[in-house]
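Naming: A, B, ... by sequence-line order, numbering from 1 per chain. Quick note: numbers below take in every heavy atom, side chains included, and nothing from hydrogens, waters or symmetry partners.
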2 protein chains.
Amino acid sequence: MEAARVVLNRDPDAGLDAIAVEAGLTRRAVYGHFANRDALVQEMVVRGTARVAEALVAIDHPQPLVRLALIASRMWREVDTMRLTSLLAVRGPFQEQVAEQLRPVRRHLLDTVRDGARHGVRTDIPADTLARLIEGAAIMVLDEATRTRMSAASGRRLAMLAVLAVAGLDAAAANRLVDETPELRA
Amino acid sequence: MEAARVVLNRDPDAGLDAIAVEAGLTRRAVYGHFANRDALVQEMVVRGTARVAEALVAIDHPQPLVRLALIASRMWREVDTMRLTSLLAVRGPFQEQVAEQLRPVRRHLLDTVRDGARHGVRTDIPADTLARLIEGAAIMVLDEATRTRMSAASGRRLAMLAVLAVAGLDAAAANRLVDETPELRA
DNA sequence: CGTAACTTGCACGTCGCTGTGCAAGTTAGT
DNA sequence: ACTAACTTGCACAGCGACGTGCAAGTTACG
């Protein structure tokens, strides 16, 4: 399970053998726990997505901008799962499934974007489009930060800054927000 | 060739059969032109990347911010090729090849970012990191715009705004720049 | 017409991955 | 020591995609 996350994060098309080896097992042994490859991946992605979705929906802060930054922050905390989830949300046999699980998260994000209109979030781009861009930007930064083996602190901050940038804040305002909000320093 | 671009854009792992059909040929006939599947993809990606790279490096405007917007704009003009190129630059057997071809482009982008420091480009993020983020953001927007079948004008504008946002401009300044610069209206 | 280039259809072998069957081995719990 | 759960190794069949060989057909050009 854990092994699958690691391996599939490296190569989403990795064979069952690679996963088994990573788990310290034989390919044959895996079939004792899962009916087939898809069942394994399904199980993993569903669990992971559920955890992430729950964590993101739970974000609740009076200021919309802080909520946005917190979303980026929590995503970073679950990078591995997030990257897989977002990957599987686009291609693969689980698109629907994952999309369904992400619905409340996306709704929450959209609400936050709308809510932020009076706090500096740009309105020149339709809210739903902007929400998608913010989501995409977060994932993209996560990818980049992972690829360059960025430190936890740097990655988190970068994710927050990028999300706020796409949301429409200028650099100065974003840095001020991140530095002066206690919840964003945790 | 053209067919390969279309098909692989839908599914990067598409079989040779699908490509042949799209081209109005038989799988067998393709082997009359290319030694094997890899040769075909290689040829296509190399040609495409070369074109794009050339177009992007040729961008030359006194204002760095305009250069950034132009990069996004030209990328949008070559969406299909760009998406494939960026995809192949990360995974697949051509990583090195593509990365090599993109080197001058990335250097140009990095120079532009550095150059923009005095024109509103954020400096709180290291220039090389920021350059990567801008590149990633552009691709991400292209993907999103393609997925939602956005109109040419909308897609182009969105790409420009997103790139400028990540570069550190606030929404108002970005819109002003895009609207008031003749080169960005073309 | 004749020829050269190209395409087609079909057959075939190969490769890599999947999923299963079975006998034998290991490990943990009682 | 006995059992139950789990693992291993190996063998096998299936599937899909690749790459090739060959005979027959089409098309363009002289």
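Contact check, B/Thr26 against C/dT8: a side-chain N or O comes under 4.0 Å of OP1 or OP2. OP1 or OP2 of D/dT7 has at least one side-chain nitrogen or oxygen of A/His33 nearer than 4.0 Å.
The interatomic distance linking B/Asp13 (CG) with D/dC18 (P) rounds to 10 Å, in whole Å. Atom P of nucleotide C/dG19 and atom CG of A/Leu40 are separated by 10 Å, given to the nearest angstrom. Distance B/Leu25 CG to C/dT8 P: 5 Å, rounded to the nearest Å. For A/Ile19 and C/dC17, the CD1 to P distance is 12 Å, given to the nearest whole Å. Protein atom CG of A/Asp17 is 8 Å distant from nucleotide atom P of C/dC17, rounded to whole Å. For A/Arg28 and C/dT20, the CZ to P distance is 8 Å, given to the nearest whole Å. In this structure, A/Asp38 atom CG and C/dG19 atom C1' are separated by 12 Å, rounded to whole Å. Separating the CZ atom of A/Phe34 from the C1' atom of D/dT7 is a distance of 15 Å, rounded to the nearest angstrom.
Around atom CD of B/Glu183, more than 12 heavy atoms belonging to other residues, nucleotides or ligands sit under 6.0 Å away.
Each of B/Asp115, B/Asp111, B/Asp60 was checked for a salt bridge (Lys or Arg N to Asp or Glu O under 4.0 Å) with B/Arg67, and the lone residue meeting it is B/Asp115.
Summary of the strand contacts: A/Ala35 and B/Gly32 both lie near DNA chain C, and taking for each the nucleotide with the nearest heavy atom, the more 5' one is attributed to B/Gly32.
A donor-acceptor contact shorter than 3.5 Å links the side chain of A/Arg149 to the backbone of A/Arg147.
Taking the side chain of B/Arg27 as heavy atoms from C-beta on, and the options C/dT7, D/dG19, C/dG19, the nearest nucleotide is D/dG19.
In this structure, B/Arg37 reaches the sugar-phosphate backbone alone: every heavy-atom distance under 4.0 Å involves primed, P, OP1 or OP2 atoms, never a base.
Between A/Leu84 and A/Met44 the shortest side-chain heavy-atom distance falls below 4.5 Å.
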